[in-house]
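A short write-up of the structure that comes next.
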Amino acid sequence: MSKDMKFLVVDDFSTMRRIIKNLLNDLGYANVVEADDGQTALPILQGGGIDFLITDWNMPGMPGLDLLKAVRADPKLAKLPVLMLTAEAKREQIIEAAKAGVNGYVIKPFTAATLKEKIDKILEQRANAA
Amino acid sequence: MTTTTTSLRDEYGANVMALADALTSGDDARFLEELDALVQRRERALFGELRKLTGDLQAALDRFTLDPRLLTLAEKEVPDARHRLDHVIKLTDEAAHRTLDLVEQSAPLAERTAREAAQIVELWRRFRARKIEVDEFKHMVERMDAFLEATRTDMDKVRGNLSEVLLAQGFQDLTGQIIRGVMKLVSELETTLIDLVRISRSGLRNGETPSDELRRGFGPAVPGVNNGPAVSDQNDVDALLSGLGV
């Protein structure tokens, strides 16, 4: 995976999408597309070409947990790295997300350093597993 | 003759006739006896009505306390909403101050860079026009060195500050989620109050609808609002996940 890998950022708040997109750009990832909930994200993912998914949890339409489950249930997407970036902070939710196969979990409000650290960790694990 | 008059005649007719007879014949004892009977008959009907009213009132009160959703709303969710809105004020306040602090830190750095550049530009023009003395040239080079070094540090700082300003805007997402939650509560409260008005006429409505909050999400954690065990920061999340092997 290199700096031209393609990110999909899913969040119902456009301000948050802009923030994440800007932070990703700062980290050198310029290829970022956006969706405002699971329902709009899924067709983009199924269309192919997305290398990394960053999703919120609490969204109207399809919530992030359902999106994560849909991704893991789709043989073409099952191995896609998924980072949950959300204000949902209940222990049972984090456990639920882990069971559903999330690769990283960052709670809002977050720092640029935490985002970088989690993305790097996920990519590193991918590289080691490959 | 109306039905009411007929029923009144049936109920009180004999009584009133007896009363009139007693009065005409001057039978005081019988008159008082008939009067007592009349008053008793009337009171019985009144008490019957009163008993029915009390029963209705009791039933309405029972339903009021039995409606579980209303209880939760009044006892937990309305006070929670107040905490939530307080938290919104706190988050917007923090974000505004954080942004203002960063702007206040950055502005003098940008100003200093512009001012210093303007002074060097003056020397640089004379150098380009070959109208500069050797001493002045040395002075220019020294200033240039210092300027480049300072600019690098200052602009690094400004860049960092801009990144922080960007992050501070995350409050909009968090407060937006909280406000949406409170709006949902207000509309539920409205529906429940309307229901309550209906309840006073008809029977009990069904209890709560099953919650799918876990699937949909609870929204940001708010201090003082308890939705069950929550992590307090990213370190907690990391510890929990590594315990789960993620």
Checklist entry - What residue, out of B/Gly170, B/Ala221, B/Pro229, B/Gly176, has the most heavy-atom pairs lying under 4.5 Å from chain A? => result B/Pro229
Determine which donor-acceptor pairs between chain A and chain B fall under 3.5 Å and list them with their distances.
residue: A/Asp12; atom: OD2; partner: B/Arg180; partner atom: NH1; Å: 2.8
residue: A/Thr15; atom: OG1; partner: B/Gln172; partner atom: OE1; Å: 2.7
residue: A/Asp26; atom: OD1; partner: B/Arg159; partner atom: NH2; Å: 3.4
residue: A/Trp57; atom: NE1; partner: B/Arg215; partner atom: O; Å: 3.1
residue: A/Met59; atom: O; partner: B/Arg216; partner atom: NH2; Å: 3.3
residue: A/Gly61; atom: O; partner: B/Arg216; partner atom: NH2; Å: 2.7
residue: A/Asp66; atom: OD2; partner: B/Arg215; partner atom: NH1; Å: 2.1
residue: A/Glu88; atom: OE1; partner: B/Phe218; partner atom: N; Å: 2.6
residue: A/Glu88; atom: OE1; partner: B/Gly219; partner atom: N; Å: 3.3
residue: A/Glu88; atom: OE2; partner: B/Phe218; partner atom: N; Å: 3.2
residue: A/Glu88; atom: OE2; partner: B/Gly219; partner atom: N; Å: 2.6
residue: A/Ala89; atom: O; partner: B/Val231; partner atom: N; Å: 2.6
residue: A/Lys90; atom: NZ; partner: B/Asn227; partner atom: O; Å: 2.4
residue: A/Arg91; atom: N; partner: B/Pro229; partner atom: O; Å: 3.0
residue: A/Tyr105; atom: O; partner: B/Gln234; partner atom: NE2; Å: 2.8
residue: A/Ile107; atom: N; partner: B/Gln234; partner atom: OE1; Å: 2.9
residue: A/Lys108; atom: NZ; partner: B/Asp173; partner atom: OD2; Å: 2.5
residue: A/Lys118; atom: NZ; partner: B/Asp238; partner atom: OD1; Å: 3.1
residue: A/Lys118; atom: NZ; partner: B/Asp238; partner atom: OD2; Å: 2.9

Checklist outcome for this item: Bottom line for A/Ile122: the part with an atom under 4.5 Å from chain B's heavy atoms is neither
Next on the checklist: Counting heavy-atom pairs under 4.5 Å with chain A, which one of B/Leu241, B/Val246, B/Leu167 comes out on top?
Outcome noted: B/Leu167
Checklist outcome for this item: A/Ala87 and B/Leu174 have their tightest heavy-atom pair at CB-CD2, 3.6 Å
Next on the checklist: Between B/Val231 and A/Ile107, does the side chain to side chain contact (heavy atoms under 4.5 Å, CB included) criterion hold? Intermediate values first, please.
Outcome noted: CA-CA 9 Å; B/Val231 296; A/Ile107 47 168; 4.0 Å; yes
Checklist entry - What closest approach, in Å, do A/Ala98 and B/Leu244 show between heavy atoms, and which atom pair accounts for it? => result CB-CD1, 3.7 Å
Checklist entry - Of the backbone (N, CA, C, O) and the side chain (C-beta and beyond), which part of A/Ile95 lies under 4.5 Å from a heavy atom of chain B, both, or neither? => result both
